[in-house]
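Residue numbers begin at 1 in each chain, while the letters A, B, ... track the order of the sequences. This is a predicted model, so every value here is computed, not measured.
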Amino acid sequence: MKPRPNQTLPRRPSGRRSIPPAYPRHCAAPVPFCSRIENQAAPSGGRESGLTDHRDTPPSAAPPAPRPGGLAARAAALTQRAPSYLDGLNPEQRRAVETLDGPVLVLAGAGTGKTRVLTTRIAHILRLGRAYPSQILAVTFTNKAAREMKERVSAMVGEAVEGMPWLGTFHAIGTRILRRHAELVGLKPNFTILDTDDQIRLIKQILAAENIDEKRWPARTLAGMIDGWKNRGLAPEQVPAGEGAVFAAGRGAALYAMFQQRLKTLNATDFGDLLLEPIRLFRAHPDVLADYQRRFRFMLVDEYQDTNVAQYLWLRLLALEAKNICCVGDDDQSIYGWRGAEVDNILRFDHDFPGAAVIRLERNYRSTGHILATASHLIAHNEGRLGKTLFTDDAPGDKPTVTSTWDSEEEARAVGEEIEALQRNGLKLDDIAILVRASFQMREFEDRFVTLGLPYRVIGGPRFYERAEIRDALAYFRCVVQPADDLAFERIVNVPKRGLGDAALKLIHDHARAAEIPLIAAAQDLIDTDGFKPRQRLALRELLQNFARWRGELDAKPHAELAEIILDESGYTGMWQQDRSPEAAGRLENLKELVRSMQDYAGLPAFLEHVSLVMESDRADGAEAVSIMTLHSAKGLEFDTVFLPGWEEGLFPHQRALDEQGRAGLEEERRLAYVGLTRARRRAKIYFSANRRIHGLWSSTIPSRFVDELPEDHVEIEESKGKPGWGGGMAGRFASRFDSAEAFTASDYTTPGWQRARSGQGSGFSEAASSYRGTANGGRGGNGRVIEGRVIEGHVVARSVTPPAAGSDFARGERVFHVKFGYGEIVGLDGNKLTVQFDKAGEKRVLDSFVERV
DNA sequence: ACTGGCGGGGTTTTT
DNA sequence: CCCCGCCAGT
């Protein structure tokens with residue numbers, strides 16, 4: 001990630017271009033884009049393609065006239081009736097929508113209406129009849145973005161969006177292409193998509209087989225390297241020798257090759273292959289490529305700054321023919337370099353796509369003046385950027401604030417106070433977000449909010465489809481649908497316990513390897529040999545017979561029903577029913593949820609594909625709450641008020657980014673700061689503290705350089721509201737360890753906590769100690785005491801200072817109440833930490849001081 | 001098959 | 001400090 005100069009890059013003479021310097025290792029022959037861009041839609045003139053669903057592909061030249069009564073015509077009619085969708089666009093947006101021919105780069109600053117441009121552009125293409133819905137390729141990174149685009153397009157053009165099969169994520173579209181031509185790259189159309197977990201298990205097997213010490217050369221590391229190579233579009237033989245040599249004494253590239261080999265045998269791909277294989281396919285089969293090039297008359301790409309090299313190559317191949325590619329992005333919001341995104345893609349767009357129109361959207365509709373000025377001033381410190389000047393007609397509004405605190409506890413306390421104040425002024429908690437650099441920062445806020453009884457929501461936790469029980473269930477389904485799925489088989493062969501341990505599995509493995517057949521087939525072969533103990537043979541035979549039987553019912557029974565049968569008959573459900581551990585109930589609940597959600601899909605295979613591509617749970621949590629999330633997951637969102645804690649050197653910018661990426665790393669961190677600031681509509685509040693506990697040790701910190709890079713005229717220094725604010729005899733840290741002093745002052749009985757207490761929701765008064773665990777002996781402080789007090793919805797009234805209780809006097813099985821999580825049962829004890837299975841909130845670890853017996 | 005002790009690692013996340 | 005994964009023991 002070399003920084004690039006801001007100015008226009010030198011144009012190459014027309015004709016064949018050499019490999020762009022930024023991609024020195026770009027493998028195979030570079031794709032000449034073209035020397036000249038016609039400003040008319042290029043006539044394709046090709047014959048009918050070999051694609052399967054060609055009903056809507058016009059037989060010859062473009063532009064196609066919409067079939068009367070066809071989807072495009074209907075869409076057009078709808079949009080004509082509506083007040084013109086072009087109204088209300090500003091001139092730049094309008095230009096971005098209307099410049100249909102040739103490559104277009106829309107540099108869309110934060111909050112400038114980029115999604116609107118994309119969706120309107122699609123509507124515009126349809127309405128002008130320039131293409132059928134099925135001739136538009138629109139790619140996003142996330143399912144969420146794809147869904148949103150689909151919704152918004154459909155709001156504009158109605159049902160015509162149903163005819164847009166090529167609107168989706170890079171991976172979904174890659175999969176779609178790959179399934180159609182799987183045989184051409186050595187796969188079967190029903191190939192499995194492995195997730196990261198499977199990928200790592202597979203690599204572990206390879207490492208074990210190769211006698212490579214996994215301690216020294218972790219599978220995870222190799223997986224990361226392989227991902228990296230795939231991100232850059234490199235096949236095993238294209239891996240630069242130096243890089244391949246780093247792993248396992250020079251065997252990196254060879255191991256990558258073996259991994260690919262194994263994937264083919266398993267009829268599987270990993271995520272990277274969903275992009276790489278289509279590229280290989282296109283290169284090896286120009287006729288197939290030509291079909292797609294003809295098909296995609298218009299291409300739209302969202303978040304172009306996040307594309308990696310493979311995605312760039314993929315796009316460029318497809319855009320060669322029609323050349324109508326419109327990429328929307330913001331170089332200032334490129335924050336995914338560490339996972340392969342190439343800022344250079346966007347910085348070099350007009351170089352890669354000669355003749356490109358570059359349109360800047362600089363009118364911001366989100367933030368007030370001071371916020372915008374602050375963000376702009378900060379990001380101006382980056383050198384490798386195209387440069388935009390955001391402006392707004394909105395009022396200047398409040399200046400962003402910068403607040404210094406003593407330590408992270410005070411920081412959390414101050415933020416809590418602020419939020420309560422905002423709440424008193426009528427601001428909705430949903431409009432407030434805390435954006436942290438690293439997830440460990442979240443805990444302090446959670447603890448604090450639990451104390452305050454302030455509802456919060458952590459965005460970006462563990463995902464539904466990553467839970468063990470869900471993955472087990474899916475493994476059963478995979479075994480049925482895809483008998484060659486060895487990884488799935490291994491996962492569940494002994495779950496529930498069937499007495500088929502390592503020894504039995506090794507037997508099957510050896511045979512499978514020798515005969516080069518899948519494990520299930522190998523097991524079938526071996527079933528009558530005497531390698532197994534009688535009991536094992538029985539269990540294995542039953543399992544295999546079950547697989548065969550279920551497979552026979554695939555088309556006969558509704559898939560959700562079949563799924564339930566599989567889980568029951570396999571004994572999987574029974575396993576959890578017998579499990580008396582506290583999580584069991586939740587797991588059964590999740591399994592039910594899984595079966596329920598299957599009903600929305602056409603069949604088991606369709607569902608499995610959905611799952612592998614959409615690793616998200618969309619369980620909406622309706623209640624009003626403050627959002628806590630990382631800066632990364634905040635991209636694309638906006639809030640009225642944004643808290644930005646932890647602006648300290650080492651944390652933000654993160655030390656590791658600096659160490660590993662140098663200046664590029666720093667600039668990416670700065671972009672992250674920019675993303676954070678620009679999430680705010682009306683209030684941005686920056687915090688840094690002088691002391692922070694990192695890896696258990698308190699260390700003193702210095703303010704982030706980003707703080708000094710803020711424009712003084714637009715920023716206000718604010719005093720921490722997390723300080724006691726009353727003198728007393730207790731100065732300094734000791735005093736700061738007490739909760740907000742407001743609880744003492746008569747004037748402050750209006751805090752939301754008091755009001756909640758009075759209104760009777762929650763428990764009101766509860767006997768409890770405060771959350772203070774005392775400072776670790778690590779350095780400063782050292783007053784390892786716990787302050788006992790009475791908690792009134794989080795406001796601690798100090799009462800006495802005593803040594804920490806040796807343990808908890810709670811017992812397993814007791815019912816307890818917790819202000820935030822409600823009722824639950826204690827399922828585990830660990831000193832003063834309890835593990836409680838809450839009726840509503842699930843299992844949580846809480847301090848005993850936060851619960852009371854019921 | 002479970003458990004506990006030990007060692008290593010600790011930024012960000014999608015598909 | 002705290003979480004996770006691995007391994008060696010019961």
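Across the protein-nucleic acid pair, A/F652 atom CZ and B/dT12 atom P stand 13 Å apart, rounded to whole Å. Computed from coordinates, the A/I335 CD1 to B/dT12 P distance equals 13 Å when rounded to whole Å. Atoms NZ (A/K215) and C1' (C/dC6) sit 6 Å apart, rounded to a whole Å. Nucleotide C/dC2 holds its C1' atom 14 Å from the CG atom of A/D447, rounded to whole Å. At whole-Å resolution of the value, CD1 in A/I200 and P in C/dC6 are 10 Å apart. Rounded to whole Å, atom P of B/dG10 lies 13 Å from atom CZ of A/F440. Here B/dT11 presents its P atom at 16 Å from CZ of A/R443, a figure rounded to the nearest Å. For A/R656 and B/dG9, the CZ to C1' distance is 9 Å, given to the nearest whole Å.
Comparing B/dT12, C/dC6, B/dT11 against the side chain of A/W338 picks out B/dT12 as the nearest. With B/dT12, B/dA1, C/dC6 as the candidates, the nucleotide lying closest to the side chain of A/R437 is B/dT12. For A/H695, the side-chain atoms get nearest to C/dC1 when compared with the rest of B/dT13, C/dC1, C/dC6. Closest to the A/S439 side chain, of the nucleotides B/dT15, B/dT13, B/dT12, is B/dT12. Of the candidate nucleotides B/dT15, C/dC6, B/dT13, B/dT15 has the atom lying nearest to any side-chain atom of A/F271. Among the nucleotides B/dC2, B/dT15, B/dT12, the one closest to the side chain of A/A438 is B/dT12.
Using a 4.0 Å heavy-atom criterion, one finds that A/K204 contacts the sugar-phosphate atoms exclusively. Residue contacts for A/N494: at a heavy-atom cut-off of 4.0 Å it reaches the sugar-phosphate backbone alone, with no base atom in range.
Ring-base stacking between A/F141 and B/dT15 is not satisfied when judged by a centre separation under 5.5 Å and a plane angle under 30°. Both stacking criteria are satisfied for A/H654 over the base of B/dT11: a centre-to-centre distance under 5.5 angstrom and an angle between ring planes under 30 degrees.
A donor and an acceptor atom, one from each side chain of A/T307 and A/N345, are located under 3.5 Å apart. In this model, no donor atom of one side chain and acceptor atom of the other lie less than 3.5 Å apart for A/E648 and A/S704.
In this model, the phosphate group of B/dT13 is approached by a side-chain N or O of A/T630 to a distance below 4.0 Å at OP1 or OP2. OP1 or OP2 of B/dT13 has at least one side-chain nitrogen or oxygen of A/S633 nearer than 4.0 Å.
Between A/F170 and the choices A/F271, A/Y304, A/F141, the ring pair (Phe, Tyr, Trp, His ring centres under 6.0 Å) rule is met once, by A/F141.
Here A/E409 does not pair with A/R448 in a salt bridge; the nearest charged N to carboxylate O distance is not below 4.0 Å. Ion pairing between a basic and an acidic side chain is recognised when a charged N comes within 4.0 Å of a carboxylate O; A/D472 and A/R491 show such pairing. A salt bridge is defined here as a Lys NZ or Arg NE, NH1 or NH2 lying under 4.0 Å from an Asp or Glu carboxylate O, and A/D195 with A/R471 meets this definition.
B/dT13 and C/dC2 have their P atoms separated by 22 Å, given to the nearest Å. Straight-line distance between the C1' atoms of B/dT11 and C/dC6: roughly 24 Å, to the nearest whole Å.
Map A/K497 and A/L274 each onto its nearest nucleotide of DNA chain B; the residue landing nearer the 5' end is A/K497.
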